[in-house]
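Data first, discussion second: the structure below is written as structure tokens.
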Amino acid sequence: MAPLSCGAREHPRSSAVTRSVRVRFAPSPTGMLHIGGARTALFNWAYARRHGGQFLLRIEDTDPERSTREYERAILEGLRWLGLDWDEGPDVGGPHGPYRQSERFERYRVVARELLDSGRAYLCFCSAERLDEVRKGQEERKERIAYDRRCMALDPAQAKARVDAGEKAVVRFKTPAGQTRFLDHIRGDVSFENAEVDDWVMLRSDGSPTYNFCVVVDDVDMRISHVFRGEEHLVNTPKQVLLYRALGFDAPEFGHLPLMLGSDGKKLSKRTGDTALQDYRDAGYPRDAVVNFLCLQGWALDGATEVFGVKELVERFEIKDVQKAGAIFDLDKFRWLAGEYVRRMTPEALSDACAPFVVAANLASADELAARRAWFVEAVKSEQARIHVYSELPPRIAYLFQPDDAVVWADDALAAVRKHANAAQTVRDYREWLAPRIERGIDAADLRESSKKWAQEKGLKLPAFFQPVRLALCGVVQGADMFDVMALLGPEHVLARLERGAARLAS
RNA sequence: GGCCCCAUCGUCUAGCCCGGCCUAGGACACCAGGUUUUCAUCCUGGCGACAGGGGUUCAAAUCCCCUUGGGGUCACCA
């Protein structure tokens, strides 16, 4: 049988899609959904939606030690949060299930038996100790590190008898001679010498299957047409292609996505930043900003448009347009993009999104915020231009929730105010002037004009007026429009804070 | 170290596959200026890259080769 794509020279095109598109995302539930995994899922999903195909979810939980249902739930929840939906999966079922590898072990055993019977695989009785020795020797001699095939020479019938008698053995794939090449939709023609491919383990001595084996069996059973995954899997591909061939199937088409890298240029790890999607969700990155940013890691809509959504992604996504080189995760740009989304939201929507963060910061209860919704929306509006992620809001509006006699003054703010002569007197005078004017409520626009005029008539430079007053009201000297702040605070609190502030400045 | 992949501003990228329109475009960051009571937003401008070397060609960021650099991977993990 000829290698699937041998001789094909040109870069694969979208027109190469001849069979129905079925792609999958196959996470291992051994941790939270990784941000890179989220992008892999997003691109697979986009490809399916773009080509009218199916997107399926498969749980790779062959390692019982590390896999948990908790993580599985969290991963599904993360994908849903991103707005991805799947046509087949462990929760929704489908015609090619089960979609959890732990529920497919019998299937793997059957396939392994077939491979053993057809001579494409063999039993290996080598102990872990011997394997270590072999490896060590190869390392010392600077040889290629691989199984030395000692058990390949065993008579299959005798080997089977030993296993039947209870002896432990693994099943190894018998890598044929030759060369394996495949067409990668992102990288083009990729080839490996089979001599470089190890006789890898398909079934462990306890009968459980390994990753490369399950993936192929499942992808065949689930009629997967395209496999788009991270570049770290590129070296697994020849093993898998060879297995497809041994099984008598055509391999699917591949596409290896560039890695998402940390600031150190290495594969994103916990060392270099938050790697779990959940971390960004917890920090209050808008959902659509996360999706948008993930798109930008390795792909571009048109080279000019930075802010766009899934609609544009699905309309324009081409796997061949994905960048080959790894992308360093740029938190600055991510934050900027999040800010773009925050700014485009309606104040009402932003308030709803921020409310849980305000509650979590213990500024107010959810009920309190709901009861004063109009007010809260105004408070959020006052900071909308200043925040990038939801969690940045609470500290910025904390002053609104503090008691009038316990407004926290920032050190640098106090220092700035101290530079103005008679700051305490200014606050006192302003309070006196202000009191009768806000008895019936605060009109921010009106007050803005009249207060500036008052300051000018008093011969005060504007900062000498604004900074002390703002310090008394908010505890800082920069931030939202001061008259909007006063409207938010209300006459009583404004007057109380000005009085306290003047006294505190005088002492 | 073996094998595989990759290489455009500090970063994300457009252009590359199908050489000329590229005195290489956009965005983030940074710097400067404007707007603002301040901060932020917003607006204007600036800085800044085809890793190096050979080919091929009338012409190369674009095609080929080498070097260098970076990454991935070398499990009875996935």
Side-chain angles (χ1 to χ4, degrees), chain A residues 10-13 26-30 60-63 65-67 101 124 126 128 131-132 135 138-139 142-146 168-172 184 186-188 190-193 195-198 200-206 208-212 214-215 230-238 256 258-259 261 263 265-267 293 296-307 320-321 323-337 339 343 383-388 396 413 416 448 451-452 455 461-467 469-470 476-483:
Chain A
E10 73 285 1
H11 203 57
R13 306 243 166 192
S28 181
T30 55
E60 311 223 318
D61 56 351
T62 55
D63 184 348
E65 296 286 303
R66 301 194 300 144
S67 302
Q101 292 184 331
C124 169
C126 292
L131 259 21
D132 281 343
R135 226 188 321 265
Q138 287 166 338
E139 244 165 61
K142 297 197 169 162
E143 288 172 7
R144 183 178 67 98
I145 293 166
K168 291 284 182 201
V170 301
V171 178
R172 286 186 185 274
D184 185 294
I186 295 170
R187 279 150 226 285
V190 180
S191 68
F192 289 81
E193 292 299 328
E196 296 294 334
V197 181
D198 199 2
W200 51 283
V201 171
M202 302 190 320
L203 245 41
R204 301 188 187 94
S205 51
D206 65 357
S208 67
T210 63
Y211 168 77
N212 284 112
C214 299
V215 166
E231 197 196 337
E232 72 266 29
H233 289 295
L234 194 57
V235 292
N236 286 322
T237 310
H256 288 90
L259 256 20
L261 312 170
S263 47
K266 296 196 199 315
K267 205 161 86 166
F293 184 70
L296 257 16
Q297 294 280 291
W299 188 73
L301 184 66
D302 55 15
T305 311
E306 307 284 336
V307 183
K320 74 170 176 61
D321 292 335
Q323 187 91 1
K324 291 198 261 282
I328 291 174
F329 191 87
D330 185 354
L331 207 54
D332 277 335
K333 187 158 182 175
F334 195 7
R335 214 173 87 88
W336 163 79
L337 193 59
R343 246 151 271 132
E383 290 293 342
Q384 185 162 13
R386 262 166 292 268
I387 64 172
H388 302 85
R396 302 201 66 94
R448 188 148 39 230
S451 295
K452 278 189 203 172
K461 286 242 163 51
L462 255 16
F465 161 63
F466 277 98
Q467 291 191 347
V469 174
R470 189 190 283 276
V476 293
V477 289
Q478 40 86 313
D481 177 90
M482 204 176 79
F483 302 97

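Hydrogens, waters and symmetry mates play no part in the numbers below; they use all other heavy atoms, side chains included. Everything quoted here is computed from the prediction, not taken from an experiment.
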Now, which nucleotide makes the Watson-Crick or G-U wobble pair with [N], with each of the two distances under 3.5 Å?
{"N": "B/U62", "answer": "none"}
{"N": "B/A7", "answer": "B/U68"}
{"N": "B/C21", "answer": "none"}
{"N": "B/C74", "answer": "B/G1"}

So which heavy atom on A/R470 is nearest to which on A/Q478, and how close?
CD-N, 3.6 Å
Residues forming a side-chain contact (heavy atoms from CB on, under 4.5 Å) with [X], sequence neighbours excluded:
{"X": "A/N236", "value": "A/Y211, A/N212, A/H233, A/K239, A/Q240"}
{"X": "A/E196", "value": "A/R144, A/E193"}
{"X": "A/L131", "value": "A/C126, A/R135, A/Y147, A/R172"}
{"X": "A/S451", "value": "A/Y430, A/W433, A/L447, A/F465, A/F483"}

Report the residues that fulfil side-chain hydrogen bond (donor to acceptor under 3.5 Å, both in side chains) with A/T30, sequence neighbours left out, ordered by chain and then residue number.
none
Contact state string [nucleotides 23-39 of chain B, B base, S sugar-phosphate only, - no protein heavy atom under 4.0 Å]
--BBBS--------BBB
Is a donor-acceptor pair below 3.5 Å formed from side chain A/S205 to base B/C76, judging by atom type as modelled?
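Side chain to base: pair present.
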Does A/S191 reach a base, just sugar-phosphate, or nothing at all? Heavy atoms under 4.0 Å.
sugar-phosphate
Which nucleotide in the list B/C6, B/C5, B/U41 gets nearest to the side chain of A/K324?
B/C6
